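Predicted, not measured: the structure shown is a model, and the values here were computed from it. In what follows, every heavy atom counts, from backbone to side chain, and hydrogens, waters and symmetry copies are set aside. For reference, positions follow the sequence shown, starting with 1.
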Amino acid sequence: MRPTDRFGARGGDVSRAWLRFDDAAAAGHRSGRVSVLRVSLPIAHFNVPPRVAAISRWVPGVLLAVWVLTLPLEFTKLYFPSQAIELSRIVLILCLLTFVAQIVIERREVRVPASASMFGLALFIAYAAVSAAAVGSHQGEKTVLGMVAYLLMMLTVFNWTQTPAEHRRIWSALAISAVVLAGVGLVLHVTNSYIWNAPDIGIRRVNATFHDPNIYARFLAFAMLTMVVLAADLDGTVRHRALWIAGALAAAMVLPFTYSRATWGLTLVVALVVIALARRRKRALALLGLVAAVFAAVAIIDPSVFSRASVLAANLQSPFFNSRPVVERAPWLRFLDLLPLDSVRRYLISAGLIIFADHPIFGVGFGNFSQSLAGPYASLVPSGYDTTASHTSLITILAETGLVGLGIVLLTGLIFVKSTVRAAFQSPLQRTLVLVPVVALLVIVLESQFSGRLFDEPYLWLFLGLAYSALAGLKDDPRYVSESRSR
């Protein structure tokens, strides 16, 4: 037992080194690994019975898989007295409590990614908290609390996924979730029914268990593309590969019924990235071809898909109603008429840019976008429209946090991208386990420019945890040693 890793074997004996860097990770930084900061808490030792210790090692994997499976079940908030509570958040609390219990009872050290991008995430959350408090934004304060909880969950994922088998368990849970959610979406489309939040307009868009069909489309897109990467590049059993392929095909089959034009286009863009970065490009290309064939077959069989596409095209070509207040206030916004935006997103982006122009340094306050459009900037909302929530995360950051917030976010993203690029120097196995969450993160970031929901997207933090875990280097697993050394 190393003195810097564990506390003494008897009560009251504690290690002197409570804070240190992982030597192996630090040494491997030049080859693309992220260093790891290990924090040991100075608490007394508890003699844990072997059975309790065995359960403690088994529970994290189960809880993480359950969390992944319950993340899409947003409709469960209907069955709780508060809309802030849903099943996945209860599981999240259980995960955090279990992690804390492990630290206290077993003296498990806390591993933290010693990366500048990790510091940037924490810095932005702190800045958002100050910004929301300064303007008294209740919505902003709630979002910050959610971000803090998700950041802690990200660290929990980082600490609980240190082997390829633990990563594979999470991705298999996502594949199962994709298959089940695709089945739910297909049944709802065929029966023309909804679990909740049925649309108040004539277009019957499937949302399955999600609140918004665009978010359901986002889920299907990153599930489909990550499953393609896994099936193409990650060696495993026939059962696991079959599960990943089934997840990709199931997602492709239902994605057309979300009628999310933006997600359709962005999925194609990210698919090209997958082809460029996959180790086994021919296999990835074949799988993507199969996925595209399933999507096209559904679109041809069901005429409603092409009907939806024509409606969207008409919406993009329609005039921007009541644009005079915006044009008079900011003539430089006429360039938005050249972009393929529907009327709602056009006036929301216009309003966001005007708010940013009025508050360029610190913004109008984190979480204060909707309140601003309902208040001092109400004249920018066209007559007959009532949407005030931003649909473009970049515009939200600009308007709410100004250049300071945007600078933190862009610099953090740039540093994270550089660290993922360095992952090309890792083993083929670890390179794949970095690429898979990065593909999902790319889908989320791009799609959030059309549907919002970036920092309050729980999948964002799940994939960040998995990416950091793979970037830090994984422990040897006998089942994967042959793969790691084969190439």
Looking at side-chain heavy atoms only, is the closest gap between [X] and [Y] below 4.5 Å?
X    : Y    : answer
L471 : T420 : yes
I408 : Y127 : yes
F356 : L403 : yes
T98  : W160 : yes
R168 : S172 : yes
V39  : R111 : no
M224 : L255 : yes
V381 : Y347 : yes

message = Listing request: all ring pair (Phe, Tyr, Trp, His ring centres under 6.0 Å) pairs with a residue in residues 63-90, at least two apart in sequence or in separate chains.
response =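 Matches after skipping sequence neighbours: none remain.
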
task = Begin from the C-alpha positions of Y150 and L462 and carry the test side chain to side chain contact (heavy atoms under 4.5 Å, CB included) through to its verdict.
result = CA-CA 8 Å; Y150 287 134; L462 168 65; over 6 Å; no

ask   = Only one of V157, I444, L441, V438 forms a side chain to side chain contact (heavy atoms under 4.5 Å, CB included) with L464, so which one is it?
value = L441

Can you see which heavy atom on [X] is nearest to which on [Y], and at what distance?
X    : Y    : answer
G352 : I395 : CA-CG2, 3.6 Å
A470 : V434 : CB-CG2, 3.4 Å
L454 : S448 : CD1-OG, 3.9 Å
L69  : I176 : CD2-CG2, 4.1 Å
Y459 : V68  : OH-O, 4.0 Å
Y216 : L181 : OH-O, 2.8 Å

query = Would you find a donor on one side and an acceptor on the other, under 3.5 Å apart, between the side chain of E86 and the backbone of Q83?
reply = no

In residues 115-126, what donor-acceptor pairs under 3.5 Å come from side-chain atoms, sequence neighbours left out?
| from | atom 1 | to | atom 2 | distance (Å) |
| --- | --- | --- | --- | --- |
| S115 | OG | S117 | N | 3.2 |
| S115 | OG | S117 | OG | 2.8 |
| S117 | OG | Y468 | OH | 2.6 |

inquiry  = Rounded to the nearest 0.5 Å, what separates atom CG in L266 from atom CG in L442?
reply    = 8.5 Å

inquiry  = To the nearest 0.5 Å, what is the distance between OG1 on T401 and CZ on F366?
reply    =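 Those atoms lie 8.0 Å apart.
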
query = When you look at T396 and E400, which way does the side-chain hydrogen bond (donor to acceptor under 3.5 Å, both in side chains) test go after all the steps?
reply = CA-CA 6 Å; T396 308; E400 294 185 347; 5.6 Å; no

ask   = Between T70 and S88, is any side-chain donor less than 3.5 angstrom from a side-chain acceptor?
value = no

query = Taking only residues two or more places apart in sequence or in another chain, which ones pass ring pair (Phe, Tyr, Trp, His ring centres under 6.0 Å) with H211?
reply =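 Per chain and number, H211 pairs via ring pair (Phe, Tyr, Trp, His ring centres under 6.0 Å) with W196.
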
query = By ring pair (Phe, Tyr, Trp, His ring centres under 6.0 Å), which residues pair with W171, not counting sequence neighbours?
reply =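 Here the qualifying residues are F463.
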
task = Report yes or no: is the cationic atom of R205 (NZ for Lys, CZ for Arg) closer than 6.0 Å to the six-membered ring centre of F257, at no more than 45° off its axis?
result =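 Cation-pi check for R205 and F257: fails.
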
request  = Please identify each residue that fulfils side-chain hydrogen bond (donor to acceptor under 3.5 Å, both in side chains) with S469, with sequence neighbours left out.
outcome  =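 For S469 the side-chain hydrogen bond (donor to acceptor under 3.5 Å, both in side chains) partners, ignoring immediate neighbours, are T161, H167.
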
request  = Write out all pairs satisfying salt bridge (charged side-chain N to carboxylate O under 4.0 Å, His left out) with one or both partners inside residues 455-464, taking only residues at least two apart or from two chains.
outcome  = R218-E457, R453-E457

